[in-house]
Amino acid sequence: MAIVNLQNVTYRYPLTDESVLKNINLQVDEGEFLAVIGPNGSGKSTLCYTLAGFVPHFFKGEISGSVEVAGLESSASTLDEWVMNVGLAFQNPFNQISGAKFTVFEEIAFGLENIGVPREEMKPRVEDAMKLTGITDLADRSPYSLSGGQQQRVALTSILVMQPKVLVLDEPTSQLDPIGTREVFGVIRTLAEKGMTVILAEHKVEWIANFADRVIALHEGQIILDGLPGEVLTSDILLEKGFGISRYTSVARKARAIGLWKNSNLPVTLDEAVDGFKR
Amino acid sequence: MQERLSFYKKRESAVHRLNPLSKLTLALGIVFVSFLSPYYWTPHLLILFAVIPLSLLGKVLREYINAMLRLILPTAGFLFIMQALFQPLEGVELFRFGFLHPTQESVLFAFANATRIVVMVSSFTIFLLTTHPNELMTDLTRRGLPGQFAYVIISTLQIIPQMQAKAQTIIAAQRSRGLDTESTFFKRAGSLIPLVGPLVFGSLVEVEERAIAIEARGFTSTRVKTSLNSIPDTNKDKLIRWSLIVIIIVTLASRIWLS
Amino acid sequence: MSIISENAVYFIIAVAIIVILLVWSYVTGRMRKDFSTTTWVLIPVAIAINIAIGQIVVTLKLPVFLDSIGTVLVAVVAGPWAGALTGTLSNIIWGATIDPNAFPWFPVAFFIGLVSGLMANAGWFKNWWKVAVTGFVVALASAIVSTPIAVYLYGGITASGSSFITAYLLQTGQGVVQAVLSTGFLVEPVDKITTAMLAFAIIQGLSKRFVARLPRPENAEVEGGASQTQLFIAIGVVILLVLFAAFMLGNILGG
Ligand SMILES: Nc1ncnc2c1ncn2[C@@H]1O[C@H](COP(=O)(O)OP(=O)(O)OP(=O)(O)O)[C@@H](O)[C@H]1O
Ligand SMILES: [Mg+2]
């Protein structure tokens, strides 16, 4: 059953002339893990904001078409209702720390306080969420004293604790070092395994190939490809349109040109490449 | 690592255990009484019998004396000297030096005034030393202060050290590029823009993303907010608050009828 | 006693006006719009700007305070009440983290925010010379509001450097209120006009996108005209204002 349903969505930011999303049609099933790729400025963040309700409720601007996520209809609901059902985490970990709290535990409880969860319920929920993301040992630290990767996991936990039906992640690792990136993807994997509906905008295609059930490619506000990771991430169209692609794909493509790569499919990850060359 | 966000000192003490609102009422009560009382010696007695005992009871005497030496006494001393010398009150002249001719009255006036300022600042200082900002804001929010106020106060307390660190970095960086922070007035004034610009714009561009982040956490939710921590409010606390209110009213009345 | 009661009347009138304004902006719903989430996030940043710039100015040993740039900024883009709140909390936080001596002056900061917001709403924050006038009006408000605090709490001579001027005026036989008020009129304009101009410069440097999502983008719309001409007019206006201040001072001191 589709938990996300966008029909002919076109959106333009205020004070601009050009639509940033053009005629987007997108259905995502419950429990599906969808990755969104696209060059800079292609509209990934805007799509994420649309799914999370911030477009148009926060950004204003002009939207047409219909947006339905987790049973809510965008034009008929408020941002307040929306954030109860759809969680959003984004790039800069630092800016996602609320600042209203002195410890990580309190920081994670901030959202629950805001939506009026009773105190007895709050503690176990925070503890469970921290266990899930593996940050139990950070509970008493100041959120500002953490590394980027830790902060991003705190941000994710702060969203998860609100028990969203859909989780939208906008390049959550783009400002992290390799260690932080691995930590955060570790959490994302756990969530995917638990059957969470996740929509992830991401540049790092090798990671996507590991998790995603499906990938869409955005280009100038339009979905130009939609399919399985192995197909979309190795498509020649990505090369033409200036998408970032995996170096293993590039190597194999070169190898194929001189007859060294014999498989019909191109690889995305190191393992696939190694496998392919072994044969 | 605990950054210094406010004057607060974590201790186990009777004062620390009081409800934050009781402490706030206490601090304001002391200030009101010292300013409103019609009796000359009230502020002096308040220091001896309220401020100092409170700092002992709250186990913050050392920090209090520290603040006294650093912040309170210099101000009060300056105030006392200026007022004693320049307050043109008629009365018994003490001495004459050039155009200065302080009188006994002006010295007494200056002494009372300076002491009142000492009482005021001391009482705030002890309040701050014994009250964690988070407890205060949680308690006030529970009593009906909009949650946004707690957000503003606490996030400001956390932004300031970051901002100061950034300011130091910028000053150092600009200095190494030959920025003038020492010489003539115009050069120093001209330095202001390159220092302030990066600081201000850097922090303003983050505002939008941070607004989105807290909205995503239900900041504008219309439901009744709850709170993770419960702040004790005992009968003793209520008694303290009500007695202080009575004391303030009595002082006000005595001020009106006795003077 | 009679002087106190007369001042009490002024005080009550001032409070009543504020309450009426407050109720009015609440009832019209303007308040709700002004206090958007973005405003709530902007306020702590503005307070931190106040404090950080205030301290840089001390480092540079400049003879001004410039500790309300953030307050004016918020007042312009988010309205007088957001400005007033920024000023008040700025003072309280300055008191709670740096120097508790700052607490009693919070009404001054409240009015700096309120008045600059009202001026901006009236369209007086759109070019250099108008901004100079706003700065001057804010300075007057600030001088007037700080007078009763200085007089009642400190007996006239406060702990700031400018109280040497007050002390001098007292020696020349001026009454306490006149002396304090004149001191305020002498020292405030330079500081507040500079503050307003710096806030204006910051607002001009913000991207249109960003300003458009604040509650009152119309207050920050810059009026056309060559900026150099504007600057000359601004300087002219400042000189006129200084002359006007000197005239008022003469009147206060003479009367
Ligand atoms: N608030 C805004 N107002 C106006 N235009 C905007 C706004 N935010 C983004 N845009 C424009 O919309 C387009 C799409 O931006 P978006 O941030 O969605 O792209 P993106 O794919 O996330 O890019 P990146 O990889 O850099 O994150 C860009 O041309 C951008 O300039
Ligand atoms: Mg983006």
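Excluded from the calculations below are hydrogen atoms, water molecules and symmetry mates; all remaining heavy atoms, backbone and side chain alike, are included. Letters go in sequence order (proteins before strands), and every chain restarts at 1. From a predicted model like this one, the values you see are computed outputs, not experimental measurements.
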Is there a side-chain contact between [X] and [Y], using heavy atoms and a 4.5 Å cut-off?
| X | Y | answer |
| --- | --- | --- |
| C:Tyr154 | B:Ile117 | yes |
| B:Thr156 | C:Ile51 | no |
| C:Pro100 | B:Phe7 | yes |
| C:Ile157 | B:Asn113 | no |

Query - Atom of B:Phe78, atom of C:Thr158 and distance for their closest heavy-atom approach - result: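 In this case the closest contact between B:Phe78 and C:Thr158 is CE2-O, 3.7 Å.
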Report task. Might you point out which heavy atoms bring C:Gly155 and B:Phe109 nearest each other, and give the distance in Å? Result -> CA-CZ, 3.9 Å
**Report entry** chain C contact via B:Gln148 - which portion, at a heavy-atom distance below 4.5 Å
**Finding:** both
Query raised in the report: Using a heavy-atom distance cut-off of less than 4.5 Å, which residues of residues 37-50 of chain C contact chain B?
Result: C:Thr37, C:Thr38, C:Trp40, C:Val41, C:Leu42, C:Ile43, C:Pro44, C:Val45, C:Ile47, C:Ala48, C:Ile49
Does any heavy atom of chain B fall under 4.5 Å from the side chain of [X], the backbone, both, or neither of them?
| X | result |
| --- | --- |
| C:Phe164 | both |
| C:Leu73 | side chain |
| C:Leu66 | side chain |

**Report entry** Criterion side-chain contact (heavy atoms from CB on, under 4.5 Å) on B:Val207 and C:Phe210, from CA distance to verdict
**Finding:** CA-CA 9 Å; B:Val207 164; C:Phe210 178 73; 4.1 Å; yes
